[in-house]
Amino acid sequence: RIYIWVESFESWVVDYQTEDGYVMPNLHRFMTENSIFYADKIKSQVKYGGSGDGQMTLMTGLLPISKGSAALSFGDNVFPSFAHLYPASRTINPCHNTWNQNVTNISYGIKELCEGPDFYKSDSIIFRELIKEFNSTDSLSFSLAITISSHVPFEKGAEVNFKVDEKLPQVIQDYLRCMHYFDGAFNLLLTEMETNNRFRDADIVITGDHTIFQKFIWNDLCDYWDKHNYPHDDSNYVPLIISSPTITSTMRYDNLAYQMDEYPTISHIIDIRRRGGGIGGMA
């Protein structure tokens with residue numbers, strides 16, 4: 001399995017277009033050329049732990065604690081996670097010494113933490129490392145790739161020549177360019193899928209750790225959309241995109257769901273019990 005955890009990924013960007021086309025053309029191609037499960041209204045449930053909360057909920061199905069960060073206060077607990085079932089597993093982390101990864105990875109059942117001095121510089125480096133590590137083992141494996149280009153303050157957007165409406169709030173313009181930057185790196189995985197059956201046969205999960213825009217910014221964006229007759233919802237969400245050999249036709253779930261729903265949904269779709277047995281707490 002390949003788990004791609006996209007920093008600050010909001011679902012409205014998936015189908016968003018400018019005069020230059022889709023902001024994320026490679027992701028859009030991935031979703032149209034493969035049978036996928038797609039849920040576009042996943043409500044973020046992170047609290048004080050931020051990205052660490054998002055990772056814990058995605059990996060375990062558990063909700064964050066009310067005060068503080070579970071990753072820091074209880075990182076050495078043993079958590080239920082499908083990663084325990086894989087003989088080979090790793091996290092590709094762009095930011096050394098963040099989110100208590102050297103401790104929580106063990107708690108989540110991940111055996112290897114891959115960090116490099118240049119990983120934070122480019123999502124392309126993350127995807128190249130993902131491809132290398134995934135090809136390096138013959139056993140059933142789990143890989144978590146964490147991206148970083150769309151982290152605030154959205155500086156990677158300055159490196160992207162992609163037209164967006166200059167009437168949009170500046171922070172939204174920068175964010176859209178950052179997501180386009182990520183999409184260019186994601187194309188490395190698509191290219192590998194075209195030539196490498198090992199990747200074509202993999203379960204691939206793409207989601208975000210949390211939403212990013214606070215209410216006052218979101219309201220400004222909704223006002224802009226209303227003026228331009230662009231369809232939108234009254235809130236922002238994280239997407240969940242799953243490609244798997246077990247999915248034979250595209251399925252779309254349009255109802256409201258929550259991050260805690262992702263873990264059992266993923267486990268059910270890829271038939272985790274067939275691969276290695278049940279997981280505590282899973283129906």
Side-chain angles (χ1 to χ4, degrees), residues 1-7 51-62 70-71 74-116 119-120 123 125-148 186 188-189 192-193 196-209 240-246 259-260 262-282:
R1 174 194 293 182
I2 296 173
Y3 209 151
I4 301 170
W5 173 29
V6 185
E7 173 65 37
S51 295
D53 284 353
Q55 185 174 2
M56 184 188 75
T57 302
L58 295 170
M59 289 297 298
T60 70
L62 300 175
F74 305 102
D76 55 355
N77 286 359
V78 177
F79 293 97
S81 172
F82 38 63
H84 290 288
L85 303 177
Y86 289 83
S89 55
R90 80 281 296 173
T91 294
I92 302 167
N93 178 36
C95 299
H96 183 59
N97 287 334
T98 57
W99 308 309
N100 204 18
Q101 293 280 5
N102 61 322
V103 175
T104 56
N105 265 262
I106 298 171
S107 301
Y108 300 148
I110 299 176
K111 299 174 177 61
E112 184 179 1
L113 179 61
C114 303
E115 297 178 330
F119 282 14
Y120 72 95
D123 287 348
I125 296 175
I126 297 296
F127 277 101
R128 291 190 186 100
E129 187 69 18
L130 167 66
I131 292 167
K132 183 185 77 173
E133 292 290 338
F134 198 75
N135 277 323
S136 68
T137 177
D138 293 328
S139 61
L140 192 64
S141 66
F142 170 88
S143 296
L144 169 62
I146 301 173
T147 72
I148 194 63
F186 177 70
L188 294 170
L189 179 61
E192 192 73 15
M193 289 179 64
N196 188 333
N197 286 335
R198 179 170 172 78
F199 280 83
R200 284 210 62 84
D201 293 338
D203 303 309
I204 299 177
V205 178
I206 304 169
T207 189
D209 53 347
L240 174 63
I241 304 163
I242 306 173
S243 170
S244 171
T246 63
Q259 279 185 311
M260 64 182 293
E262 292 191 58
Y263 178 84
T265 300
I266 295 166
S267 299
H268 174 74
I269 286 178
I270 68 170
D271 194 5
I272 196 72
R273 280 178 282 195
R274 174 176 58 82
R275 293 171 181 258
I279 298 176
M282 187 180 74

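Sequence positions, counted from 1, serve as the residue numbers for this chain. Remember, it's a predicted structure, so these values are computed and weren't measured experimentally.
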What are the two closest non-hydrogen atoms of [X] and [Y], and how far apart are they?
| X | Y | value |
| --- | --- | --- |
| I110 | A83 | CG1-CB, 3.9 Å |
| I148 | C95 | CD1-SG, 3.5 Å |
| M260 | P264 | O-CD, 3.3 Å |
| E7 | W99 | OE1-CZ2, 4.5 Å |
| P245 | D201 | CG-O, 3.2 Å |
| S141 | R198 | OG-NH2, 3.7 Å |

Contacts of F134 that satisfy ring-ring contact (aromatic ring centres under 6.0 Å, His included) - sequence neighbours left out: F199
Distance-only donor-acceptor check, side chains N135 and N196, under 3.5 Å: yes
Just by distance, no angles: are the side chains of Q55 and Q101 close enough, under 3.5 Å, to form a donor-acceptor pair? yes
Which residue in the set I266, V6, L58, I4 passes side chain to side chain contact (heavy atoms under 4.5 Å, CB included) when paired with T207? L58
Only one of L240, T57, V205 passes side chain to side chain contact (heavy atoms under 4.5 Å, CB included) with E262, and that residue is L240
From [atom1] ([X]) to [atom2] ([Y]), nearest 0.5 Å:
| X | Y | atom1 | atom2 | result |
| --- | --- | --- | --- | --- |
| T91 | I106 | OG1 | CD1 | 11.0 Å |
| L189 | F127 | CG | CZ | 6.0 Å |
| L62 | Q259 | CG | CD | 13.0 Å |
| E192 | R200 | CD | CZ | 12.0 Å |
| I146 | E115 | CD1 | CD | 9.0 Å |
| D123 | R128 | CG | CZ | 11.0 Å |

Please check this pair: side chain of [X] against backbone of [Y], looking for a donor-acceptor N/O pair closer than 3.5 Å.
| X | Y | value |
| --- | --- | --- |
| H84 | F79 | yes |
| D209 | S51 | no |
| S107 | G75 | yes |
| S143 | R90 | no |
| S243 | I204 | no |

Is the shortest side-chain heavy-atom distance between P94 and E129 below 4.5 Å? no
Chi angles and distances behind the side chain to side chain contact (heavy atoms under 4.5 Å, CB included) call for N93, F119: CA-CA 7 Å; N93 178 36; F119 282 14; over 6 Å; no
Would you verify whether the NZ or CZ of R1 falls within 45 degrees of the ring axis of F82 while also being under 6.0 Å from that six-membered ring's centre? yes
CA sep, side-chain torsions, deciding dist, call: D203, I242, side chain to side chain contact (heavy atoms under 4.5 Å, CB included): CA-CA 7 Å; D203 303 309; I242 306 173; 5.9 Å; no
